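One structure is given here, and the rest of the page talks about it.
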Amino acid sequence: MPDTRISAIGTLSEALSIVWQGRQLVLLLIAFLSVVSLIYMWPMLDWYVPLMTDFSPEAGLDPATTQQIMDDMSYLFVGLIPFLFFLSAPFVIWSRASIGGTGVAMEGGIGALLKRTLWLVWRFICMFGWMILLVFALSIVLMVIEIFTGISATLTAPGDPSQMWDVLLVMIPFYIILMGAFLALSLLYSISMHGEARDFRLPIYKSFRAMKGNLVRATGALMATMVVFYVVNFLVALLFIGTITAASTWLNIIGLFFLFAFSNIYYFIWITYGALYASKLVPELKG
């Protein structure tokens, strides 16, 4: 059977339209996610907020901030478990609503939502595992390239600065491929998300099979969207973060809430984009 080819730009436009049409539910879920993010970050605001305004890549982290981060590492990992759960529940709700409408968002009640969310958390863990395998495989490929091109010697014992161009010609494409692969995995995860949201077991490898003939173009369109959105997000944060952090504690928190909220918009586009591909390419999810 020939591959089903779907327009990536057309699907992206459809996703944006769906997010706009369902903006009331989207804004409600974004508000919930922003509150959850603030609660999770609350114990770390003492170093997180100054880091957003004062961090300089050239200067690096000062010893006091480094120590604070190290002290909070155990909380970061332990707190991540419930945070992932509360993060995933709104994703499940919107993945259902984006295709079936708000009337089916909570179909089955809280018990069904709990089950779907737990499955989605498991899919996230699986995606993380795939990412580790991907990094391992690409690292071996890079190591072989470095050995056969002599780049490894340049990296360990830099000499002529002109040789660094040879390093960059290898390293830049490598990192572009790595980021593209990570983004493709995140797209496959959003497709699996729609399966779990509709009570159909859809592992990431099955999402990969379903996307045959579409994955590269779909990832490219998503990458372009992500770059545009995060450039805008960076500029918004750059304009307002100084004012926010200079304000009183409560105004500081309200400002961070809106920064988190703005950052979350991208995720709902991403969820809708994956849900559309799932509903068009996975036979059990069509209609």
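Everything numeric here is computed off the predicted structure, so don't read it as measured data. All heavy atoms count here, side chains included; hydrogens, waters and symmetry mates do not.
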Below 4.5 Å, heavy atoms only, C-beta onward: do [X] and [Y] meet side chain to side chain?
X      : Y      : answer
Leu188 : Leu215 : yes
Trp122 : Ile125 : yes
Arg198 : Ile99  : yes
His194 : Val282 : no
Val19  : Trp94  : yes
Lys286 : Ser279 : no
Phe85  : Leu114 : yes
Phe208 : Leu187 : no

Would the number of heavy atoms belonging to other residues, nucleotides or ligands and lying under 6.0 Å from CZ of Phe83 be above 12? yes
For Phe182, is the CZ atom crowded, meaning more than 12 foreign heavy atoms sit under 6.0 Å from it? yes
Nearest heavy atoms of [X] and [Y], plus distance in Å:
X      : Y      : answer
Leu80  : Tyr40  : N-CE1, 3.8 Å
Ile6   : Arg217 : O-NH1, 3.0 Å
Leu12  : Ala221 : CD2-O, 4.0 Å
Ala89  : Thr117 : CA-OG1, 3.5 Å
Val121 : Ser88  : CG2-OG, 3.7 Å
Ser98  : Ile18  : O-CG2, 3.5 Å

Does a side chain donor of either Gln21 or Ser17 reach within less than 3.5 Å of an acceptor in the other side chain? yes
Which residue is it: Leu38, Val35, Leu33? I am looking for the one with a side chain to side chain contact (heavy atoms under 4.5 Å, CB included) to Phe260. Leu38
Under 3.5 Å, side chain of [X] to main-chain N/O of [Y], donor-acceptor pair present?
X      : Y      : result
Glu196 : Leu202 : yes
Asn214 : Ala8   : no
Ser186 : Leu183 : yes
Arg96  : Ile93  : no
Tyr230 : Tyr266 : no

Do Glu14 and Lys280 sit within salt-bridge range, that is, some charged N less than 4.0 Å from a carboxylate O? yes
I want to know whether Phe124 and Phe128 have ring centres closer than 6.0 Å. no
Measure up the Phe91 and Phe268 rings against each other and bin them: parallel (under 30°), tilted (30 to 60°), perpendicular (over 60°). perpendicular
Would Arg116 pass as a cation-pi partner of Trp119, given that its NZ or CZ must be under 6.0 Å from the six-membered ring centre and within 45 degrees of the axis? no
Using 0.5 Å steps for rounding, measure from the OG atom of Ser190 to the OH atom of Tyr277. 10.0 Å
